[in-house]
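First comes the structure, then the notes that go with it.
Note that ligands are numbered from 1 as they come in the structure, with each ligand's atoms numbered from 1 the same way.
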Amino acid sequence: MLEIETERLLLRRATMDDLAAFHAILSNPQATVFWSTPPHSDIEQSREWLQSMVDILPGEGEDFVVEHQGSAIGKVGFFRFPEIGFIFHPRTWGFGFAEEALRPVLKRAFQVHGLEAVEADVDPKNAASLRLLAKLGFIEIGRRERTWLIGDQWCDSVDLRLLRG
Ligand SMILES: CC(C)(COP(=O)(O)OP(=O)(O)OC[C@H]1O[C@@H](n2cnc3c(N)ncnc32)[C@H](O)[C@@H]1OP(=O)(O)O)[C@@H](O)C(=O)NCCC(=O)NCCS
């Protein structure tokens with residue numbers, strides 16, 4: 001079972017036992033304000049989402065549950081290579097956990113999976129994610145308008161890329 005330990009965190013594969021923790025995140029309006037779906041109102045939506053994370057095939061992607069002090073606080077990784085994704089419970093924001101979790105996952109993407117580049121698609125209003133990705137070395141490569149229809153709201157995208165090395 002693949003696990004990555006950092007100073008404060010454990011990164012591991014998802015199981016369906018993570019459902020309650022992820023429903024708490026995916027039903028949270030603050031956590032999902034820039035997410036690709038509105039907050040989950042039904043735990044079945046979170047179950048389907050988590051099942052698709054559990055079912056990721058090797059070579060297709062690699063997503064990690066992030067644990068802090070024995071509790072699942074978020075996820076980082078690739079639902080599908082080469083696009084990075086991450087979400088944490090708002091009670092854990094601002095402690096550097098996202099950066100700490102992403103660093104080894106990005107290193108692994110280049111060194112183990114041999115990616116030439118990692119990509120990210122971020123809402124221009126998502127200041128926390130833009131700051132986080134800039135700190136990790138991502139560079140903006142373009143902007144697109146009306147890329148995501150979330151509920152009844154059109155959202156735009158900033159495209160970012162981190163090259164190997
Ligand atoms: C983006 C997210 C993962 C950041 O998590 P986090 O653990 O708070 O991030 P970190 O503590 O590692 O912070 C990384 C940097 O971003 C900065 N940052 C955090 N929140 C910020 C905000 N609201 N505005 C501006 N910068 C912010 C931090 O200050 C830090 O930079 P610094 O070291 O120069 O101070 C978290 O806010 C989240 O889960 N958001 C919702 C999900 C989401 O938007 N995912 C991305 C979809 S594309």
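Looking only at heavy atoms of the protein, atom 45 (N) of ligand 1 is closest to F86 O, 2.8 Å. Of all protein heavy atoms, the one closest to atom 13 (O) of ligand 1 is L132 CD1, 4.5 Å. Looking only at protein heavy atoms, the nearest one to atom 44 (O) of ligand 1 is N126 ND2, 2.9 Å. At the shortest separation from atom 11 (O) of ligand 1 among protein heavy atoms lies G96 N, 2.7 Å. Nearest to atom 1 (C) of ligand 1 among the protein's heavy atoms is S129 OG, 3.3 Å. The nearest heavy-atom contact from the protein to atom 39 (O) of ligand 1 is F88 N, 2.9 Å. Closest protein heavy atom to atom 4 (C) of ligand 1: A98 CB, 3.9 Å. With hydrogens left out, the protein atom closest to atom 40 (N) of ligand 1 is W93 CZ2, 3.4 Å, a heavy atom.
Counting the atoms of ligand 1 from 1 in the order shown, those under 4.0 Å from a heavy atom of F95 are 11 (O). Residue F97 approaches ligand 1 through these ligand atoms, each under 4.0 Å from one of its heavy atoms: 7 (O), 12 (O).
Salt bridge annotation for R13-E3: absent, with no cationic side-chain nitrogen under 4.0 angstrom from a carboxylate oxygen. With salt bridges taken as basic N to acidic carboxylate O contacts below 4.0 Å, one links D18 and R12.
Listed for the T92 side chain is no donor-acceptor partner under 3.5 Å among the backbone atoms of F88. Remark: side-chain polar atoms of D159 are not paired, donor with acceptor, to backbone N or O of D121 under 3.5 angstrom. Side-chain atoms of E100 come within 3.5 Å of backbone N or O of R8 as a donor-acceptor pair.
Annotation: W148, atom CH2; neighbour count of heavy atoms from other residues, nucleotides and ligands within 6.0 Å does not exceed 12. Residue E60 places its CD atom among more than 12 non-hydrogen atoms of other residues, nucleotides or ligands, all under 6.0 Å distant. In this structure, Q153 places its CD atom where only 12 or fewer heavy-atom neighbours from other residues, nucleotides or ligands lie under 6.0 Å away.
Scanning G94, G85, A128 for the heavy atom closest to atom 21 (C) of ligand 1 points to A128. Nearest to atom 28 (C) of ligand 1 by heavy atom, out of E99, R131, K135, H89, is R131.
Residue contact annotation: D121 has a non-hydrogen atom under 4.0 Å from ligand 1.
With a heavy-atom cut-off of 4.0 Å, A31 touches ligand 1 through its backbone alone.
No N or O atom of V122 sits closer than 3.5 Å to an N or O atom of ligand 1. The distance criterion of under 3.5 Å between nitrogen or oxygen atoms is not met by I87 with respect to ligand 1.
Under the side chain to side chain contact (heavy atoms under 4.5 Å, CB included) test applied with P124, the options R143, E140, R144 reduce to a single match, R143.
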| request: Report the C-alpha separation of V122 and L160 in whole Å, then their side-chain angles, then the decisive distance to 0.1 Å, and conclude whether the side-chain contact (heavy atoms from CB on, under 4.5 Å) test is met. | output: CA-CA 8 Å; V122 179; L160 301 116; 3.7 Å; yes
